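This report refers to the structure that appears directly beneath it.
Just so we're clear, the structure is a prediction, and the values are computed from it rather than from any experiment. In listed order, ligands and their atoms are each counted from 1.
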Amino acid sequence: MDGILSFSPSREAALRRLAEFLPDARRYAADRNFVRPGHPNISRLSPWVQKRLLLEAEIVAAARDRWSFESVEKFVQEVYWRTYWKGWLEHRPEAWSRWVDAVPRLRDSLSAERRSTLEAALAGRTGIAGFDDWARELVTTGYLHNHARMWFASIWIFTLKLPWELGAAFFYEHLLDGDVASNTLSWRWVAGLQTPGKTYVARADNIAHYTDGRHVPQTSQLAGAAFAITEPALPKVVPWAEDSLATRSAEGRAGLWLHPEDLAVERGELAGERFAVINASWPKLMAKKAGWSEAVTTWTQAALRDGASRAAAHFGAEVSSESSDDLAASLVDWARAHQLSRIVAFRPFVGPWLVEAQAVESALAQAGIALTWGRRAWDIRLFPHASRGYFPFWEKVRSAG
Ligand SMILES: Cc1cc2nc3c(=O)[nH]c(=O)nc-3n(C[C@H](O)[C@H](O)[C@H](O)COP(=O)(O)OP(=O)(O)OC[C@H]3O[C@@H](n4cnc5c(N)ncnc54)[C@H](O)[C@@H]3O)c2cc1C
């Protein structure tokens with residue numbers, strides 16, 4: 001088991017970890033691929049960034065303030081990978097919905113032999129050095145190093161010949177940074193679906209080298225080559241492009257709906273708004289629908305409470321945080337009880353919170369209560385460039401300085 005990790009679900013803990021990591025950011029490019037106990041050579045910021053307890057813009061600014069761009073370029077580039085995946089999925093949301101549909105279907109249709117392979121993989125009982133440790137590390141700590149995620153996904157798909165969708169579900173269940181875009185699209189990338197014809201095949205010597213010899217699988221245990229996985233082309237849609245706040249009516253009493261896709265509301269785009277009240281309710285069926293473990297659910301709920309208490313202090317507004325059977329209906333009741341004419345929220349990204357948001361949107365419309373979606377300038381600026389490969393995306397970022 002790799003060292004003890006601490007991910008306290010608060011913005012304060014995120015800022016502490018960022019400050020601790022910054023002196024090492026310059027060594028990131030050279031060391032990032034080594035998987036070492038406690039993961040000292042990477043930022044380990046992902047659980048906080050995923051909830052936007054810490055903003056991508058804050059991380060990039062902190063790294064660039066401390067070091068020259070050249071010395072932290074690799075690190076900055078990785079932060080932008082997150083934005084790229086999120087923007088890419090906004091263009092092709094079906095990559096997510098197909099995965100959601102496939103998981104129960106594949107689980108139900110596995111042969112007895114595949115099922116026993118799946119059970120061994122989930123329990124870390126395959127006998128493949130490294131793989132078994134990572135399966136247990138994921139469940140115990142809620143985190144895996146990027147390189148271990150790549151090796152694990154590759155062995156899952158090409159050696160164990162299990163459906164990539166079920167591996168993505170295992171990750172999404174247990175990762176504290178579980179992110180619909182980064183997770184689904186990274187699994188698709190390893191499987192060769194994301195960049196057609198380009199797969200990722202884990203090699204025993206590479207694992208042995210980058211784990212400093214702690215995990216040495218036998219070459220004969222691992223698939224030597226990938227096989228082709230294909231799918232019908234994904235339809236492409238035009239994602240949202242503009243800031244609806246720019247065209248909002250500022251009239252009437254407004255309430256803020258806070259959800260775990262953006263928990264630093266007191267910073268940036270919505271910080272200057274006036275909110276009479278805040279709603280940070282938790283939909284009771286959310287964890288079950290999304291497929292989260294108890295640890296992920298508890299962490300996310302605690303993060304939501306942290307975001308709510310900062311928002312309450314910033315806006316001087318009272319917070320409602322019920323556990324609700326029907327979030328959309330409870331937001332309507334809450335808006336009526338507080339005589340709100342308008343609810344404002346950051347628009348969730350493609351994924352389970354967007355499904356909730358769409359139900360909220362139609363319930364509020366029926367009740368005649370206005371809803372304004374806030375969007376981060378970062379997303380508005382960058383998502384439109386994330387419709388093709390990462391290279392043209394990064395070129396746009398670089399050329400904008
Ligand atoms: C199969 C697979 C599944 C993954 N699932 C997720 C997931 O559910 N959620 C998630 O946040 N990341 C996911 N990643 C990407 C990456 O592994 C993690 O973001 C990274 O390991 C987090 O550790 P860190 O914070 O120390 O990252 P660092 O290396 O310190 O990077 C800093 C930040 O940049 C972002 N980042 C870095 N690498 C990537 C990347 N390749 N893709 C997207 N963003 C990146 C993260 O927000 C991270 O916190 C996945 C990768 C693979 C191969």
Side-chain angles (χ1 to χ4, degrees), residues 2 5 7 14 17-18 20-22 24-36 38-60 62-63 72-89 96 99 131 134-135 137-138 141-158 164-194 199-200 202 261 290-293 296 300 349 351-352 378 382 386 390 393-394:
D2 285 356
L5 297 177
F7 297 107
R17 175 60 197 145
L18 176 62
E20 185 184 55
F21 170 71
L22 280 177
D24 302 328
R26 201 171 41 144
R27 287 198 297 274
Y28 175 89
D31 292 349
R32 61 188 278 267
N33 281 327
F34 286 92
V35 183
R36 293 181 171 143
H39 310 299
N41 42 349
I42 47 176
S43 76
R44 308 194 305 271
L45 287 170
S46 53
W48 294 294
V49 189
Q50 200 282 327
K51 306 283 173 297
R52 279 202 161 154
L53 285 160
L54 187 63
L55 302 172
E56 295 88 338
E58 294 179 295
I59 304 176
V60 170
V72 288
E73 179 171 358
K74 191 71 209 163
F75 176 66
V76 168
Q77 214 176 59
E78 293 302 314
V79 176
Y80 277 98
W81 262 104
R82 172 183 155 72
T83 303
Y84 169 73
W85 284 138
K86 294 204 84 67
W88 196 95
L89 193 61
W96 178 66
W99 171 72
F131 184 95
W134 300 318
E137 183 184 353
L138 170 65
T141 67
Y143 180 83
L144 277 186
H145 185 286
N146 181 60
H147 220 163
R149 296 183 202 208
M150 289 163 62
W151 294 323
F152 188 95
S154 175
I155 294 169
W156 179 284
I157 299 168
F158 299 118
W164 71 266
E165 291 92 336
L166 297 187
F170 180 47
F171 270 26
Y172 193 61
E173 178 181 357
H174 293 288
L175 282 171
L176 294 181
D177 65 23
D179 185 90
V180 159
S182 292
N183 187 52
T184 316
L185 302 182
S186 296
W187 275 86
R188 286 171 52 87
W189 177 81
V190 173
L193 288 165
Q194 203 55 27
T199 46
Y200 178 76
E261 295 253 287
W292 294 326
S293 69
V296 168
T300 308
F349 304 104
W378 175 276
L382 293 166
Y390 185 77
F393 171 81
W394 178 244

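- Contacts between Tyr28 and ligand 1 below 4.0 angstrom, taking non-hydrogen atoms only, involve the side chain exclusively.
- Two rings, from Phe75 and Phe21, have their centers less than 6.0 Å apart.
- One finds a salt bridge joining Glu56 and Arg82 here, because a Lys/Arg side-chain nitrogen approaches an Asp/Glu carboxylate oxygen to under 4.0 Å.
- Taking only non-hydrogen atoms, the option from Glu56, Glu78, Arg17 nearest to atom 45 (C) of ligand 1 is Glu78.
- Atoms CG and CD, from Leu45 and Glu20 in turn, are 9.5 Å apart once rounded to the nearest 0.5 Å.
- Remark: ligand 1 and Tyr143 share an N or O pair separated by less than 3.5 Å (distance only, no angle test).
- In this structure, the side chain of His145 engages the main chain of Phe34 through a donor-acceptor pair within 3.5 Å.
- Residue Phe21 does not touch ligand 1, judged by heavy-atom distances below 4.0 Å.
- In the candidate list Ser46, Gly167, Ala25, Ser46 is nearest to atom 49 (O) of ligand 1, counting heavy atoms.
- Salt bridge present: Lys86 and Asp179 bring a charged side-chain N and a carboxylate O closer than 4.0 Å.
- Residue contacts with ligand 1: Phe75 is included, with a non-hydrogen atom under 4.0 Å away.
- Residue contact check: Met150 has heavy atoms under 4.0 Å from atoms 53 (C) of ligand 1.
- Closest to atom 40 (C) of ligand 1, if we only count protein heavy atoms, is Trp81 CB, 3.9 Å.
- Evaluated by nearest non-hydrogen atom to atom 8 (O) of ligand 1, the leading choice among Leu144, Asp179, Val190 is Asp179.
- Numbered from 1 in the order shown, with element, the atoms of ligand 1 that lie under 4.0 Å from a heavy atom of Arg82 read 43 (C), 44 (N), 47 (O).
- If you check which protein heavy atom lies closest to atom 13 (C) of ligand 1, you get Arg149 NH1, 3.2 Å.
- A donor-acceptor pair under 3.5 Å links the side-chain atoms of Thr184 to the main chain of Val180, judged by distance alone.
- Relative to the six-membered ring of Tyr143, Arg149 meets both conditions, a distance below 6.0 Å and an angle of at most 45° to the axis.
- No part of Trp189 comes within 4.0 Å of ligand 1, judged by heavy-atom distances.
- Scanning the protein for heavy atoms near atom 2 (C) of ligand 1, the closest one is Ser186 CB, 3.4 Å.
- Under 4.0 angstrom from ligand 1, the non-hydrogen atoms of Asn183 come from both its backbone and its side chain.
- Note: Glu261 CD to Lys51 NZ = 8.5 Å, rounded to the nearest 0.5 Å.
- Contact record, Arg188 with Gln194: NE-OE1, 2.8 Å, taken as the closest heavy-atom pair.
- In this structure, the ring of Trp151 has its center no less than 6.0 angstrom from the ring center of Phe131.
- For ligand 1, the polar-atom distance check finds an N/O of Asn146 within less than 3.5 Å of one of the ligand's N/O atoms.
- With hydrogens and angles ignored, the 3.5 Å screen pairs no side-chain donor or acceptor of Gln50 with any backbone N or O of Leu176.
- Scanning all protein heavy atoms for the shortest distance to atom 33 (C) of ligand 1 gives Val79 CG2, 4.0 Å.
- For the atom pair OG of Ser43 and CG of Asp24, the computed distance is 10.5 Å after rounding to the nearest 0.5 Å.
- Look at Arg32 and you'll find every heavy atom at least 4.0 Å from all atoms of ligand 1.
- In terms of polar-atom proximity, Asp177 is counted as a contact of ligand 1, with an N or O under 3.5 Å from an N or O of the ligand.
- Listed by atom number, the atoms of ligand 1 under 4.0 Å from Leu45 heavy atoms are 25 (O), 49 (O).
- In summary, the aromatic rings of Trp164 and Phe171 are positioned with their centroids too far apart to meet the 6.0 Å limit.
- Nearest to atom 27 (O) of ligand 1 among the protein's heavy atoms is Ser43 OG, 4.0 Å.
- Protein heavy atom nearest atom 12 (N) of ligand 1, with residue, atom name and distance: Ser182 CB, 3.6 Å.
- For ligand 1, the atoms lying closer than 4.0 Å to a non-hydrogen atom of Gly178 are 8 (O).
- Atoms CH2 and OG1, from Trp394 and Thr83 in turn, are 10.5 Å apart once rounded to the nearest 0.5 Å.
- Close contacts of ligand 1 with Trp187, meaning ligand atoms under 4.0 Å from a residue heavy atom, involve 1 (C).
- Nearest protein neighbour of atom 26 (O) of ligand 1, counting heavy atoms only, is Arg44 N, 2.6 Å.
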